[in-house]
Every structure is written in structure tokens, then in C-alpha cells.
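Atoms within a ligand are numbered from 1 in the order they appear, just like the ligands themselves. Everything quoted here is computed from the prediction, not taken from an experiment.
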Amino acid sequence: MKRYRIGVIGLGMGKSHIEGFQSHPAAEVVAIADSDKERLAAVAEKYAIPATYTDARKMLAGEKLDIVSVVTPNKFHRELTIAALEAGCHVLCEKPMAMNAAEAEDMLAAARKHDRRLMINFSFRFRPQSYAMKKLVEAGELGNIYFGRTVWLRRRGMPGFGGWFGTKSLAGGGPLIDLGVHRLDLALWLMGYPEPEWVLAGACSPIASEIAARKGVPYNVEDFATAMIRFKNGAMLELEASWAGNIKENELMETRLLGDKGGLHQYNLNGTYEFDVEFYRELAGCQYDSKLHPPVPECHNAQYSLMEAIVHDQPTPVPAEQGLAVMRLLDAIYQSAASGQPVKLG
Ligand SMILES: NC(=O)c1ccc[n+]([C@@H]2O[C@H](COP(=O)([O-])OP(=O)(O)OC[C@H]3O[C@@H](n4cnc5c(N)ncnc54)[C@H](O)[C@@H]3O)[C@@H](O)[C@H]2O)c1
């Protein structure tokens, strides 16, 4: 069996990329890069990675890699993805694909130019409950989906408060681009990525900005955002994301889909990253609720899924075109929030 040489850039969430690739028999994580020397050494030791680099470009030049994961702060996704594609590698880039749609377009163009795969890590698709939902939608059990609501709200959950996540020039935005992006992709994927027509949105930072000022740390992104998206097929999707909000739950994730035959609801359990799915419909004039019962469908992680696609010459599990579609929506949401006006797409 051909062995694929993998490199991972950025070793926070990058550790889970190492684990994901190491779960596939044809993948070998041979090199890692991180500008933080201590983190680099600790991760190399933990996962027995032979080559380490503080400069990712040196890794790309020296290692003849087949696949590279880009898992750095959002600001560096574009430049490192394009550098890896130019070095002849397939790329798995973390979400959000980029800081904005213009950057994402550059990345997609580079992937096409160099004829390499570019996948975006919308990791919440790679959950058994998400697979189960997709199967139900594809089996036509929802009928025509005319409305969705997709949400990730935190009560007080600013990641690395005072670090790059709250700095617009490094992150591109706040919880919308960080958390909302996952729930947006999940809903769009289940709805078949319909073409958006209008966006009306709002964003603000009533809580986190005040905490940051008190702590004396930089913070210049929203802590809450909401949007209503209308698609050309007439369907509507409501999106909510927060890092701070006066709600009961510490962490609330849910995605609802309403179809004319049935309705689906995925929700997290007790503030964890574990999920359940319920399905609602009318049968013989009565209303029924049902719940996904174990065993849930088999489901691989994103890295394993990309490996399978490469080894068996199958389509890329999350193609860059969908990452770009999400970035265009995020741009429109931020634009609408800033202007107070609806934004027309397409
Ligand atoms: N898919 C998911 O569920 C998920 C979860 C968490 C984070 N993420 C994404 O992963 C990315 C990283 O987030 P994180 O939480 O790991 O952040 P982090 O700050 O914990 O880690 C980022 C790492 O990148 C390193 N780094 C920064 N610039 C670099 C450069 N130019 N070259 C090499 N290394 C560099 C830093 O030293 C740090 O170790 C972000 O895009 C984030 O949105 C995705």
C-alpha cells in the first residue's frame, strides 16, 4: 500500500489532525511545524513525529509531502494553503477557510491551478448524528425543506480571551466566523447547499468588549451575531452564534430542519459535544416523535475521510467550493450587520 507523507502546520487543534491522520493505515505524519518551539517539541514527542520546523515553508521545501493540514490562526490560512498547494500537496485547511471570500477565491484558484485537493475541516459533519441526518434527508423523509435554524451559543466562552481569536486582523471576526461557521455549514450541507439570495443580519459585542476593557486585553470582534438567509429556492435559514450571552446554557448547539413531510432536530447534550437527533412527522393523522437509537451509523473523522477519498479516487469530502460559499455568506452577514441593510447575493 502506498504510504502518504503528511505534514501538519499549527499544533493547537493540529494535534487532533495528527491523531486523525494517524488513524488511517496509509497515512504517515512525518513532519510538523509551529512557530512556538516548546509546543513543537512537546507535540513531536507525544506523537513520535520525526521532523519539526518552526518555519512551515522550510517544511514544505524539505519534506516532499503528499498532504498538509493548515491549522493556524485564520490570518495564515490563505498564505500557507497556497504555499502547500504550490509545493504539490493536497491540503486540509481548518475552518473558516479564510478571513474573507476574496482570500478563499485565491485558495480555490490555486488548488485548481495545481490540480490538488483542497478540503475544509467542517468537522461537525463527521459525526454519526450528522451522517444519520444526511441519510434521512437524502431518503426524502423530510420532503421539501423550507426552513432551518442553526445555532451555537455560549454563555461565557471566549476562546483564549485576549488572544488572536478576539483580534479582527488575525481572526476575521468573532463567534460568527469561529462557531457559527460550523453550524452554518451543517445546515447548508443538509439542505443541499442551496444558492443564497438575501441576507439580513446583526452583530454586536455588548458583553465581551466590556470584559476585555476591564481586563485590559484587546478585543475588537462581535460576541453575538444573527442572520436570516433567504435562498433562491424560497427556503429560509436562521443562524445564531455567540461567545457571550445571558442564557441558561453554557454551550448550546442545535440545528433544526423543517420539511413538509418531516422535521429534524440535532442538539447537544448537557452542554457537551455529544449529540442526539430527533425526527418529527405526522402519521395517519397523528403526530409522532422519534429519536436516533444506537447503533448510530459508522462515521470516520475528517482526516480519515480525506485519506479514503485520495486512496480510492473519490470526491473530496468537503470541497473548497463549499468553504468559499460559506465565506461569501459570512462576508454578506458582516456587511449587512455593519450597514443595517439586507445584502443581495449572486
Ligand atoms: N474544526 C474544529 O472543530 C476546530 C476547533 C478548534 C480550532 N479550529 C481552527 O483551527 C485553527 C487553529 O485554532 P487553534 O484553536 O488550534 O489555535 P491555537 O492558537 O491553539 O493554535 C494555533 C497554533 O498555530 C501556531 N502558529 C501561528 N502562526 C503560525 C505560522 N505562521 N506558522 C506555523 N505555526 C503558526 C501557534 O504557535 C499555535 O501553536 C483556527 O483556524 C481555528 O478556527 C477548528
Side-chain angles (χ1 to χ4, degrees), residues 7-21 31-44 46-47 49 51-61 63 68-84 87 91-100 103-104 107 119-127 130 152 154 157-186 189 221 241 243 251 253 268 272-273 275 301-306 317-318 322-323 326-327 330:
V8 176
I9 307 173
L11 300 172
M13 179 67 184
K15 294 191 282 292
S16 81
H17 283 242
I18 296 173
E19 289 169 13
F21 279 116
I32 51 177
D34 197 297
S35 42
D36 178 332
K37 270 188 189 165
E38 280 176 22
R39 197 171 232 188
L40 187 61
V43 174
K46 179 171 181 195
Y47 294 99
I49 313 293
T52 61
Y53 295 82
T54 50
D55 182 342
R57 288 175 186 272
K58 288 194 176 142
M59 178 181 85
L60 295 173
E63 289 290 338
V68 166
S69 273
V70 174
V71 201
T72 60
N74 308 341
K75 161 89 178 151
F76 308 109
H77 287 187
R78 177 191 175 278
E79 66 181 68
L80 291 170
T81 293
I82 292 176
V91 175
L92 174 57
C93 178
E94 261 305 338
K95 52 49 64 174
M97 181 169 174
M99 301 281 279
N100 51 51
E103 288 193 1
M107 294 158 73
M119 171 168 161
I120 309 306
N121 189 25
F122 288 130
S123 47
F124 283 82
R125 284 195 203 184
F126 299 91
R127 299 283 182 132
S130 302
W152 190 336
R154 286 185 183 158
M158 287 72 81
F161 200 40
W164 70 265
F165 277 102
T167 305
K168 194 166 193 314
S169 59
L170 293 172
L176 175 68
I177 202 168
D178 181 44
L179 306 180
V181 71
H182 276 301
R183 302 313 294 182
L184 177 58
D185 167 70
L186 187 67
W189 177 58
V221 295
W243 280 337
E251 187 114 51
M253 290 180 249
N268 69 323
T272 69
Y273 283 41
F275 292 88
N301 61 55
Q303 294 76 20
Y304 192 104
S305 303
L306 174 60
V318 186
Q322 293 179 349
V326 167
M327 290 313 307
L330 295 184

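- Counting protein heavy atoms only, atom 31 (N) of ligand 1 is closest to Phe76 CG, 4.0 Å.
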Residues 162-174, side-chain donor-acceptor partners within the protein, below 3.5 Å, at least two apart:
unit_1, atom_1, unit_2, atom_2, d
Thr167, OG1, Gly163, O, 3.2

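- Applying the side chain to side chain contact (heavy atoms under 4.5 Å, CB included) test between Arg78 and each of Ile82, Leu80, Thr81, Asn74 identifies Ile82 as the sole match.
- Counting heavy atoms closer than 4.0 Å to ligand 1, residue His182 contributes side-chain atoms (C-beta onward) but none from N, CA, C or O.
- Of all the listed residues (Glu79, His77, Glu94), Glu94 holds the heavy atom that lies closest to atom 10 (O) of ligand 1.
- Closest heavy-atom approach to atom 21 (O) of ligand 1 within the set His17, Arg39, Met13: this belongs to Arg39.
- For atom 13 (O) of ligand 1, the nearest protein heavy atom (residue, atom name, distance) is Trp164 CZ2, 3.6 Å.
- In this structure a side-chain-to-backbone donor-acceptor pair under 3.5 Å is present from His77 to Pro96.
- Nearest to atom 36 (C) of ligand 1 by heavy atom, out of Ile9, Asp34, Asp36, Thr54, is Asp34.
- Ring geometry for His182 versus Trp152: interplanar angle of 30 to 60°, hence tilted.
- With sequence neighbours excluded, no residue forms a salt bridge (Lys or Arg N to Asp or Glu O under 4.0 Å) with Glu19.
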Verdict with supporting geometry, Leu184 and Leu330, side-chain contact (heavy atoms from CB on, under 4.5 Å): CA-CA 9 Å; Leu184 177 58; Leu330 295 184; 4.0 Å; yes
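- For the residues Val71, Thr72, Val43, Asn74, the heavy atom positioned nearest atom 30 (C) of ligand 1 is part of Thr72.
- Nearest heavy-atom pair across Cys93 and Met107 is SG-CE, 3.9 Å.
- If you check which protein heavy atom lies closest to atom 22 (C) of ligand 1, you get Pro73 CD, 3.8 Å.
- In this comparison of Met59, Lys95, Met97, Arg57, the heavy atom closest to atom 42 (C) of ligand 1 sits on Lys95.
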Test log, rule side-chain contact (heavy atoms from CB on, under 4.5 Å), inputs Leu40 and Ile32: CA-CA 7 Å; Leu40 187 61; Ile32 51 177; 3.8 Å; yes
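- Within the 4.0 Å heavy-atom criterion, the part of Phe165 lying near ligand 1 is the side chain and not the backbone.
- Residue contacts with ligand 1, taken as heavy atom pairs separated by less than 4.0 Å, do not involve Phe122 at all.
- Residue Asn121 has at least one heavy-atom neighbour below 4.0 Å for each of these atoms of ligand 1: 1 (N).
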From CA spacing to verdict: side-chain contact (heavy atoms from CB on, under 4.5 Å), Asp185, Lys95: CA-CA 10 Å; Asp185 167 70; Lys95 52 49 64 174; over 6 Å; no
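- Heavy atoms from both the backbone and the side chain of Ser35 come within less than 4.0 Å of ligand 1.
- Under a 4.0 Å criterion applied to the non-hydrogen atoms of Ser123, ligand 1 contributes the atoms 1 (N), 2 (C), 3 (O).
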